[in-house]
Amino acid sequence: MIQFRDVGKTYPDGTVAVHSFSYTADEGKIVALVGASGSGKTTLLRMVNRMVEPSRGSVWVDGEDVSTVDRVALRRSIGYVLQAGGLLPHRTVIDNVATVPMLLGVPRRQARMAAGELLERVGLDQTMGRRYPSQLSGGQQQRVGVARALAANPKVMLMDEPFGAVDPIVRRELQDELKRLQSDLGKTIILVTHDIDEAFHVGHEVVLLREGGEIVQSGVPEEILAHPRNQYVRDFIGADRAERNFSIRTIDGRQIVIDGDGRPAGLLNP
Ligand SMILES: Nc1ncnc2c1ncn2[C@@H]1O[C@H](COP(=O)(O)OP(=O)(O)OP(=O)(O)O)[C@@H](O)[C@H]1O
């Protein structure tokens, strides 16, 4: 469980990134923080592993105030996935994945074996382990980033726009993969995104933010979609846009999703 207790952050130049934010992410859930650029998402995420120290309030992980935990130990115990994987360019893929477990004292051979299994778990062939990150596609690098974050077997994972750098099809694949992994492994995940569709697709809960880390609305996706609290939320989720007014038409036995402008938007259960 991750608890933000009335946290705020003012950067040294006086920028107030977060005024006052309180939220609890329950164990084994994916919580998506979504909001416009500059709304404080990354600042909030980084408070969890102490890459950013709050100016007020505290963050608790599994009943422990993170400010009392050694910073390096904390960072190694929490998986962190960045846009474009954030991989070490001069290390092979397998070493990228095995590094943290080795730092935590796992013998090299064992760490590399476990890393190979993790690569498979995220849908990569073990032979990819010998390559360098630059020899992988963007989507493959993202997968390695996820494998690396999983390597220390953290209970908590932080993901900052993890699939931002890939095309929509690969992005959807990676989102599905993440959902599968999460339901297998039961991690508690906070995912930052500016993409509301991604937030609704992967988040068990969605927290919609505006400037200063202000929560505009939070809850399960269905609730937000069904009852957007105000115009800001409606604008953000595109509730007024034609494409959300989906309907389903059956043509030749296939169920076709039709958007509000009457255009086919996709197939249901293709
Ligand atoms: N080191 C810093 N010094 C000063 N201001 C900062 C610093 N880091 C972030 N900010 C400011 O804090 C605010 C929130 O930034 P943050 O990166 O948390 O937002 P975000 O919602 O993650 O944005 P984005 O979606 O663009 O990544 C912004 O106004 C930003 O300019």
Side-chain angles (χ1 to χ4, degrees), residues 1-10 17-35 39-82 86 99-106 114 118 121 145-162 178-193 199 202-209 212-221 223-224:
M1 184 166 94
I2 303 167
Q3 241 183 349
F4 295 88
R5 295 192 188 168
D6 194 17
V7 289
K9 178 68 186 177
T10 305
V18 176
H19 286 283
S20 169
F21 178 88
S22 295
Y23 195 78
T24 300
D26 287 332
E27 192 159 336
K29 293 275 193 278
I30 303 181
V31 173
L33 297 183
V34 64
S39 52
K41 306 180 293 294
T42 297
T43 299
L44 286 166
L45 192 76
R46 291 184 171 182
M47 285 181 188
V48 180
N49 65 0
R50 295 189 64 191
M51 287 171 74
V52 167
E53 296 288 356
S55 318
R56 59 181 280 187
S58 53
V59 179
W60 296 65
V61 174
D62 289 335
E64 205 167 26
D65 179 346
V66 296
S67 72
T68 65
V69 181
D70 174 67
R71 235 190 253 203
V72 175
L74 183 75
R75 260 174 237 170
R76 286 185 189 154
S77 72
I78 292 178
Y80 187 47
V81 186
L82 286 161
T99 296
V100 168
M102 274 161 36
L103 289 171
L104 292 170
V106 177
L118 276 171
R121 178 132 217 161
V146 174
R148 189 175 65 163
L150 287 169
N153 195 20
K155 284 169 95 174
V156 167
M157 281 175 66
L158 310 174
M159 308 183 90
D160 197 348
E161 295 277 0
L178 175 67
K179 283 170 73 170
R180 223 177 356 258
L181 275 171
Q182 201 275 341
S183 75
D184 276 8
L185 305 175
K187 309 287 182 200
T188 308
I189 297 177
I190 301 186
L191 176 132
V192 159
T193 179
V202 302
H204 295 109
E205 281 182 36
V206 173
V207 180
L208 184 59
L209 297 170
E214 182 195 335
I215 299 181
V216 193
Q217 188 168 2
S218 64
V220 298
E223 171 66 18
I224 298 178

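Computed from a predicted structure; not experimentally measured.
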[X] side chain near [Y] side chain, heavy-atom distance below 4.5 Å:
X    : Y    : value
I2   : Y23  : no
V31  : V207 : yes
K155 : D62  : yes
L209 : V216 : no
K9   : V52  : yes
H204 : V220 : no

Does H19 form a side-chain contact (heavy atoms from CB on, under 4.5 Å) with E214? I'd like the steps, not just the answer. CA-CA 7 Å; H19 286 283; E214 182 195 335; over 6 Å; no
[X] side, atom [atom1]; [Y] side, atom [atom2] - distance, nearest 0.5 Å:
X    : Y   : atom1 : atom2 : result
D70  : R75 : CG    : CZ    : 9.5 Å
M1   : D26 : CE    : CG    : 7.0 Å
L208 : S39 : CG    : OG    : 8.5 Å
L45  : L33 : CG    : CG    : 7.0 Å
L74  : R76 : CG    : CZ    : 11.5 Å

Please check if atom NZ in K179 has more than 12 non-hydrogen atoms from other residues, nucleotides or ligands closer than 6.0 Å.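 For K179, atom NZ is crowded (more than 12 foreign heavy atoms under 6.0 Å).
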Minimum-distance pair of heavy atoms, taken over all atoms of [X] and [Y]:
X    : Y    : result
G203 : A32  : CA-CB, 4.3 Å
V34  : A199 : CB-CB, 4.0 Å
S55  : T10  : OG-N, 2.8 Å
A152 : P101 : N-CG, 4.5 Å
V81  : G145 : CG2-O, 3.9 Å
P154 : S77  : CB-O, 3.3 Å

Under 6.0 Å between the ring centres of F4 and F21?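 Here the rings of F21 and F4 have centres that are less than 6.0 Å from each other.
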Tell me, with the steps shown, if L178 and M159 meet side-chain contact (heavy atoms from CB on, under 4.5 Å). CA-CA 11 Å; L178 175 67; M159 308 183 90; 3.8 Å; yes
Pick out which of V156, V69, I78 makes a side-chain contact (heavy atoms from CB on, under 4.5 Å) with N49. I78
Sort out for me which residue in L191, V202, I189 forms a side-chain contact (heavy atoms from CB on, under 4.5 Å) with Q182. I189
One pair to check against side-chain contact (heavy atoms from CB on, under 4.5 Å): L150 and K187. What are the steps and the verdict? CA-CA 9 Å; L150 287 169; K187 309 287 182 200; 3.9 Å; yes
Please tell me whether [X] and [Y] have a donor and an acceptor in their side chains that are separated by less than 3.5 angstrom.
X    : Y    : answer
S58  : D65  : no
T42  : D160 : yes
R148 : Y80  : no

For R121, is there an ion pair with D184 - N to carboxylate O distance below 4.0 angstrom? yes
Worked check of side-chain contact (heavy atoms from CB on, under 4.5 Å) between R56 and S20: CA-CA 8 Å; R56 59 181 280 187; S20 169; 4.1 Å; yes
Not counting sequence neighbours, which residues clear salt bridge (charged side-chain N to carboxylate O under 4.0 Å, His left out) with E53? List them please. R50, R71
